[in-house]
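Order of the sequence lines sets the chain letters (A, B, ...), proteins ahead of strands, with each chain counted from 1.
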2 protein chains.
Amino acid sequence: MSRNKMARPGGRSARVQASVHTAVRELESEVGRDALSVPMVAERAGVTPSTIYRRWGSLAELLSDVAVERLRPETRPEDHGALPADLTAWAEEFLDEMSSTAGRAYIRDALLGDPDGSNAGQCSAYAAEQVGIVLSRATGRGETAPDVETVMDRVVAPLMYRILFRPAGLDTAYARRLVADLLGTDGASGDR
Amino acid sequence: MSRNKMARPGGRSARVQASVHTAVRELESEVGRDALSVPMVAERAGVTPSTIYRRWGSLAELLSDVAVERLRPETRPEDHGALPADLTAWAEEFLDEMSSTAGRAYIRDALLGDPDGSNAGQCSAYAAEQVGIVLSRATGRGETAPDVETVMDRVVAPLMYRILFRPAGLDTAYARRLVADLLGTDGASGDR
DNA sequence: GGCTTAAAGCAAATCAATTGCGTTTACTCC
DNA sequence: GGAGTAAACGCAATTGATTTGCTTTAAGCC
């Protein structure tokens with residue numbers, strides 16, 4: 001987390017952190033992300049505003065921390081028996097989650113309240129970890145597979161770029177085509 | 001621009017817009033991006049703060065508008081006589097400008113104060129336009145060239161993804177490799 | 001040239017952010 | 001396990017940003 005060096009990780013500090021994060025999540029769903037304010041979060045969390053300002057610095061940094069938590073994958077990628085199916089399914093789900101209104105808001109929050117870039121790096125690390133699982137499962141089966149960096153460049157980056165810069169006209173077919181172009185899986189790779 | 005529907009585009013409105021934008025640019029270089037405030041900009045621009053709040057909504061949206069202006073390319077891509085050289089040079093320069101401290105700040109500002117995504121879309125359109133110039137020059141010479149969307153996916157998106165999410169370890173060699181991998185220009189395309 | 005109304009100015013009121021200082025309490029070192 | 005130390009929190013006062021109702025200006029249109 002941005003400002004949380006956690007020099008004192010237990011007891012009251014931990015309780016404050018937990019109740020503040022919970023307050024953000026509750027209020028996000030009750031009043032909406034844009035209506036949040038530090039005093040509002042503080043009151044819900046049973047804490048004074050100055051505590052939040054001193055620990056997180058600003059609302060943006062607090063939201064960035066919470067957003068990264070929500071972007072953490074909860075499950076391992078499904079196993080469909082072969083790399084093309086695995087990677088396609090993962091890319092489709094990634095796109096689905098990230099391009100939703102909520103997903104885009106979390107990505108933006110994670111990027112924006114992030115002075116040192118550690119939260120953004122964490123988001124990227126989550127994706128790389130999931131991709132790594134898919135790829136090592138493939139090599140374990142004896143399939144040939146590209147390395148993680150290549151998948152980040154050819155699949156994850158284009159998806160994220162379009163989510164952030166050109167949200168219109170994104171669909172699962174686009175995700176499928178990125179994976180097919182990378183793996184050379186079908187004969188229609190020049191079909192755009 | 002985000003909130004500027006420009007229902008009344010001439011005269012005083014235009015002067016206010018120009019003087020506010022100028023004030024932002026001047027103050028950015030004088031006191032730094034992080035010290036800016038709406039009242040400060042308003043005073044420099046000879047305008048009342050409420051004018052800025054009503055026209056732009058917040059400091060974030062104003063900075064977003066100014067950032068997009070600064071991200072507009074000022075020159076056409078150089079002509080080196082062949083597509084690989086043209087595209088490589090353009091990608092290197094793009095990376096240089098965008099990955100600088102100032103460039104990253106502008107990208108973040110452009111994304112941040114952008115409720116409807118139009119400013120982000122404009123950034124992407126600038127890059128697509130430059131790429132389009134390079135590619136159509138190539139086809140004009142009789143070279144075979146990928147289309148713009150492919151270059152966006154294979155070159156622009158990976159560069160931007162890394163600038164935003166993993167700024168460490170970015171260099172011109174990476175940009176060159178992305179272009180070479182796309183164009184099949186050298187025998188070492190698997191050199192990572 | 002007069003009419004209409006979007007946009008700007010002004011000023012009061014509200015709300016968020018900052019800061020100094022006293023208190024609580026988690027961690028460390030006997 | 002019992003001080004000692006300093007980090008983290010609470011409280012309250014202050015500062016500064018934001019919002020809002022109302023008035024004034026001037027751009028665009030007959």
Options C/dA16, C/dA8, D/dC9, nucleotide nearest the side-chain atoms of A/Ser37: C/dA16
Using a strict threshold of under 4.0 Å (side-chain N to carboxylate O), is an ion pair present between B/Arg33 and B/Asp109? yes
Tell me the salt bridge (Lys or Arg N to Asp or Glu O under 4.0 Å) pairs involving residues 124-140 of chain B, sequence neighbours left out? B/Asp79-B/Arg137, B/Asp86-B/Arg137
Rounding to a whole Å, what distance do you find between A/Ile52:CD1 and D/dC11:C1'? 15 Å
Can you tell me the distance, in whole Å, between the CG atom of A/Leu36 and the C1' atom of C/dA16? 14 Å
Heavy-atom check, side chain of A/Met98 versus side chain of A/Arg104, under 4.5 Å: no
Would you mind reading off the distance between A/Glu43 atom CD and C/dA16 atom P, rounded to a whole angstrom? 11 Å
Return the value, rounded to whole Å, for the distance between atom CH2 of A/Trp56 and atom C1' of D/dC9. 12 Å
Please identify each residue that fulfils side chain to side chain donor-acceptor pair (under 3.5 Å) with B/Arg162, with sequence neighbours left out. A/Glu149, A/Asp153, B/Tyr174
Tell me if the side-chain of A/Ser50 makes a donor-acceptor pair with the base of D/dC9, cut-off 3.5 Å, by modelled atom types. no
Please tell me if A/Thr51 has a side-chain N or O lying less than 4.0 Å from either OP1 or OP2 of D/dC9. no
Does D/dA8 have OP1 or OP2 under 4.0 Å away from a side-chain N or O of A/Arg54? no
A/Pro39 has its side chain closest, among C/dA16, D/dA8, D/dC11, to C/dA16
A/Arg15 CZ - C/dT24 P separation (whole Å): 15 Å
Using atom CD of A/Glu61 as one end and atom P of C/dT18 as the other, report the distance to the nearest whole Å. 10 Å
What is the distance from CG of A/Leu59 to P of D/dA17, rounded to the nearest Å? 18 Å
Taking only the side-chain heavy atoms of B/Arg55 (C-beta and beyond), determine which of C/dA16, D/dA17, C/dA8 contains the nearest atom. C/dA8
